[in-house]
Q: 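Here's a structure for you.
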There are 2 protein chains.
Amino acid sequence: MITANDCRKRLQNLWGWETAGMVNSNTLKDIAKKLNVSVSTVSRAVNNKSYVKEETRQKVLQALKEYHYVPNEIARSLKSQSTKTIGVIIPDICEMFFGQIIKGIDEVVSPEGYTIIVSDSGESKTNEARDLEMLFQKRVDALVLATVELKGKKVLQFLDHDIPVVFIDNLPVIEQEIDAVMIDNVEASKIAMRHLIGLNHREIAVIIGSIEETTGYDRMLGYKSALREADIPVDERLIAYGNYKENKGYECMCALLDRIGEVPFTAVYVTSEMMTFGAIKAINDRGLRIPEDISLIGFDVHDKTGLVVPGITTVRQPESLIGTKTGELLIKRLKQKGNKKSRQTAKCRKILLDPYLEIKQSCRKK
Amino acid sequence: MITANDCRKRLQNLWGWETAGMVNSNTLKDIAKKLNVSVSTVSRAVNNKSYVKEETRQKVLQALKEYHYVPNEIARSLKSQSTKTIGVIIPDICEMFFGQIIKGIDEVVSPEGYTIIVSDSGESKTNEARDLEMLFQKRVDALVLATVELKGKKVLQFLDHDIPVVFIDNLPVIEQEIDAVMIDNVEASKIAMRHLIGLNHREIAVIIGSIEETTGYDRMLGYKSALREADIPVDERLIAYGNYKENKGYECMCALLDRIGEVPFTAVYVTSEMMTFGAIKAINDRGLRIPEDISLIGFDVHDKTGLVVPGITTVRQPESLIGTKTGELLIKRLKQKGNKKSRQTAKCRKILLDPYLEIKQSCRKK
DNA sequence: ATGAAAGCGCTAACAA
DNA sequence: TTGTTAGCGCTTTCAT
């Protein structure tokens, strides 16, 4: 029987035609024909499977080299019902935070033969839904999601189909049990606050991101909790609510400074990177100095330049570790699939990692 | 005839079995069976193709919804010999420079139905080769490559198979005609130098990255060329050769400062971001001030914090535009494939984009 | 040790 | 308008 591919090959030979995308693309069948063996034999040789006579194996291996055979992963995927691909959706690929996480994931899944498809949702819920749909269609074996859609239904599709999902950075509001890897955001705030309190600050303002999100909510909890630990009353007027944008940080800081007469504070804790930059600019614009007039602790601050003066003391997340832990959890789940015993005992896991303080010069003793 | 899938379904019903990864995963066949129509009819309805009686179409569409049918892109890819996927290999996903480019690419290919697989080579030639192999196996429809392997053979595989490849940032040393999108690096240096010369500087030092690479080489050409334009003799002793790392920038700057007595200069032009940071630190460490003692122009400097003082005047690349232009070229090539006429006239294109100067406070009039 | 053949889910040429 | 069927490239069972 003559296949379409055969026809193409013949045409190429006869007329020197190059048919788009198929030039020299050898298949198992092509190799088999050339060697007068069956496809299955070639397949076995390629995959080092089953028994193949050493002589045959050599002959095949040789031919594979000669004709530059490259296995077609698409066909393999269709057959094996596994694409060896992991989808990762993040809000912004330009943020070092996510870049590091991706590197961490890659570091552990890559040796296991998995490839990562990264999708940038651009902080848009619509895009996130689109990306989820697309990754599902591409039949990724697993998913990592830094969601901006807290109440997303779309991700259930994966859960329903028993495709492992690991949430990072933020938890969605859904009923199902889920896996997640993130820092302990309550603890993060406590670390920052304890540092300030240790420097004798007692009137500490805070700029919070969206409290809809676990990140924002937990960081606020930590702030309050640390104050209570130190027997300092919580003054709601010292709490400013923003989002995660720089200009919001600027605005919040301005608002706090506007009423610093009535509601004084000597230190401020800003709970996201971009808001931190905004807050610092607001302070500078008022002619106030850090840390002489106000001590400041930021969050997630990455100063790649190393040139910001004064250096900003900041809460940091172990991004790389978040990545590798996510990768490990992913691999564990992937290995569990199809293994009835371990699947029954598989509990969902929330892995909480430790944030840490990077101390520079933006805080001083009161 | 009873297929394996049928068996699985039956087992599920009989025993409540969940067979890994196949739960509820409806196929065209399943839908067809439920409606007592043929797969092709369902297929036609799904793809809005050919003629389907309106009544049937509605019935099918309804069923697709009801059973949550999601097309299997893997199967489609195998059939259509096109994965609707574009591979992108970059040296470091954490660099904003590449992040922006990826966003730009995504912006234009995504509406055309393409998905991007990003691979981080970690600046390693070995990884780059691995990634190329993997992307080829996954049969990406096209490739974008910011190569670190100037003499790579592996990429020829794509070219040979008529898979569009677009190089960005750097050109490899190969004989084939290739497509590329990058800035005019000669012009970039000229812009920087003209700025300094316009401020009356005549003794201008330069720190060059690897001249093996087109980026380094061209930037050096531009430096010399701008001097000649202004009738300033080139003094080789003012040229320091580094790589693209921060510590090398530091070292080079130190070396230049060490002999500033014999070979004086009033300004320095540093040709990469990280080297710029290193150079600034070297200057600071010597107790010299920018721009009072030395004027400085950097390259690719991204100060996300906006807090570096003085602000660094820098050559910038239009990253986003590099991305969109790359995307457009990609789409053009993809559309040309299989279209004999346009393919014959298809010329390889090097798209040179304009760099620009971002002027801040690190240069002053001499 | 090797081969024949079925089938993964889908599309499309051809037939009815 | 709808159905039948072959085949995309591969793996795997079953037969030889």
Q: With side-chain hydrogen bond (donor to acceptor under 3.5 Å, both in side chains) as the test, pick out the partner of B:Asn26 among B:Lys34, B:Glu66, B:His68.
A: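 The passing option is B:Lys34.
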Q: Has the side chain of B:Arg44 got a donor or acceptor atom sitting under 3.5 Å from an opposite partner on the base of D:dG3?
A: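 Answer is yes: a donor-acceptor pair is held.
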Q: Does A:Asn47 make a side-chain N or O approach to OP1 or OP2 of D:dT11 shorter than 4.0 Å?
A: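 Yes, because at least one side-chain N or O of A:Asn47 sits under 4.0 Å from OP1 or OP2 of D:dT11.
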Q: When we call it a touch if two heavy atoms are under 4.0 Å apart, what does B:Thr56 touch: a base, just sugar-phosphate, or nothing?
A: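 Here B:Thr56 touches the backbone only, sparing every base.
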Q: For the pair made of OH in A:Tyr69 and P in D:dC10, what is the distance, rounded to whole Å?
A: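 Distance, rounded to whole Å: 3 Å.
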Q: Between CG of A:Asp160 and CG of A:Asp162, what distance do you get to the nearest 0.5 Å?
A: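 Between A:Asp160 CG and A:Asp162 CG, I get 9.5 Å after rounding to 0.5 Å.
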Q: Is there a donor and acceptor pair closer than 3.5 Å between the side chain of B:Ser40 and the base of D:dT4?
A: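 It does, because a donor-acceptor pair links the side chain of B:Ser40 to the base of D:dT4 below 3.5 Å.
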Q: Looking at C:dC8, D:dC10, D:dC8, which one has an atom nearest to any side-chain atom of A:Gln81?
A: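 So the nucleotide nearest the side chain must be C:dC8.
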Q: Is B:Lys49 close enough to C:dA12 that one of its side-chain N or O atoms is under 4.0 Å from OP1 or OP2 there?
A: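 Affirmative; the distance criterion is met.
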Q: Side chain of A:Leu78, heavy atoms from C-beta onward: which of D:dT11, C:dA12, C:dG9 has the nearest atom to it?
A: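 Nearest to the side-chain atoms of A:Leu78, counting from C-beta on, is C:dG9.
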Q: Just N and O in the side chain of B:Thr27: are any of them under 4.0 Å from OP1 or OP2 of C:dC8?
A: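 Negative; the distance criterion is not met.
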Q: Below the 4.0 Å mark, does D:dG7 have OP1 or OP2 next to a side-chain nitrogen or oxygen of B:Lys79?
A: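 Looking at the OP1 and OP2 atoms of D:dG7, neither is under 4.0 Å from any side-chain N or O of B:Lys79.
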Q: Starting from the 5' end of DNA chain D, give me the residue, B:Glu54 or B:Ala75, whose nearest nucleotide shows up first.
A: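 Nearest nucleotide further toward 5': that of B:Glu54.
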Q: Among A:Asp131, A:Val88, A:Val155, A:Val166, whose side chain to side chain contact (heavy atoms under 4.5 Å, CB included) with A:Leu143 holds?
A: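 Going through A:Asp131, A:Val88, A:Val155, A:Val166 one by one, the side chain to side chain contact (heavy atoms under 4.5 Å, CB included) with A:Leu143 is satisfied by A:Val155 alone.
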Q: Under 4.0 Å between a side-chain N/O of A:Thr41 and OP1 or OP2 of C:dG3, yes or no?
A: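 Looking at the OP1 and OP2 atoms of C:dG3, one of them is under 4.0 Å from a side-chain N or O of A:Thr41.
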Q: With a cut-off of less than 4.0 Å, is there a side-chain N or O of A:Arg76 near OP1 or OP2 of D:dT11?
A: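 Checking A:Arg76 against D:dT11: at least one side-chain N or O falls below 4.0 Å of OP1 or OP2.
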Q: Provide, to the nearest angstrom, the distance between the NZ atom belonging to A:Lys29 and the C1' atom belonging to D:dT11.
A: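 Spelled out: NZ on A:Lys29 to C1' on D:dT11 is 15 Å.
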Q: Does B:Arg349 CZ have over 12 foreign heavy atoms under 6.0 Å away?
A: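 At most 12 heavy atoms, drawn from other residues, nucleotides or ligands, come within 6.0 Å of this atom.
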Q: Measure the distance from CG on A:Leu28 to P on C:dG7 and round it to the nearest whole Å.
A: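 Nearest whole value for this atom pair: 20 Å.
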Q: Under 4.0 Å, counting only non-hydrogen atoms across every strand here, what does B:Val46 touch: a base, just sugar-phosphate, or nothing?
A: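 No contact.
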Q: Rounded to the nearest angstrom, tell me the gap between atom CD in A:Glu55 and atom P in C:dA1.
A: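 From A:Glu55 CD to C:dA1 P: 12 Å.
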Q: Decide yes or no, distance alone: a donor-acceptor N/O pair under 3.5 angstrom between the base of C:dA12 and the side-chain of B:Ser43.
A: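 A donor-acceptor contact between them is absent.
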Q: According to a strict under-4.0 Å criterion, is B:Tyr51 in side-chain N/O contact with OP1 or OP2 of D:dG3?
A: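 B:Tyr51 to D:dG3 OP1/OP2: no side-chain N or O under 4.0 Å.
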Q: Whole angstroms only, please: what is the NZ-C1' distance between A:Lys138 and C:dG9?
A: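 The answer, rounded to whole Å, is 16 Å.
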Q: Where the side chain of A:Val52 is concerned, which of C:dT2, C:dT11, C:dG3 is the nearest nucleotide?
A: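 That would be C:dT2.
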Q: Would you classify B:Ser77 as touching base, sugar-phosphate or nothing, given that sugar-phosphate means primed atoms plus P, OP1 and OP2, and contacts are heavy atoms under 4.0 Å?
A: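 Nothing, no nucleic acid heavy atom in range.
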Q: Whole angstrom is fine here: how far is it from CZ in A:Arg139 over to P in C:dG9?
A: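 In whole Å, C:dG9 P lies 9 Å from A:Arg139 CZ.
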Q: To the nearest angstrom, how far is B:Gln137 atom CD from D:dC10 atom P?
A: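 About 10 Å, once rounded to whole Å.
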Q: Counting only side-chain nitrogens and oxygens, does A:Ser38 get under 4.0 Å of the OP1 or OP2 atom of C:dG3?
A: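 So the side chain of A:Ser38 is within the cut-off, an N or O lying under 4.0 Å from OP1 or OP2 of C:dG3.
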Q: A side-chain contact here means heavy atoms from C-beta on lying under 4.5 Å apart; do A:Ile168 and A:Val144 qualify?
A: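 Contact flag for A:Ile168/A:Val144 side chains = yes.
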Q: Counting C-beta onward and ignoring hydrogens, is there a side-chain heavy-atom pair between B:Arg76 and B:Thr83 closer than 4.5 Å?
A: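 Not in contact.
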Q: How close or far is atom C1' of D:dC8 from atom CD of B:Glu73, stated in whole angstroms?
A: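 Checked: the CD to C1' distance equals 15 Å.
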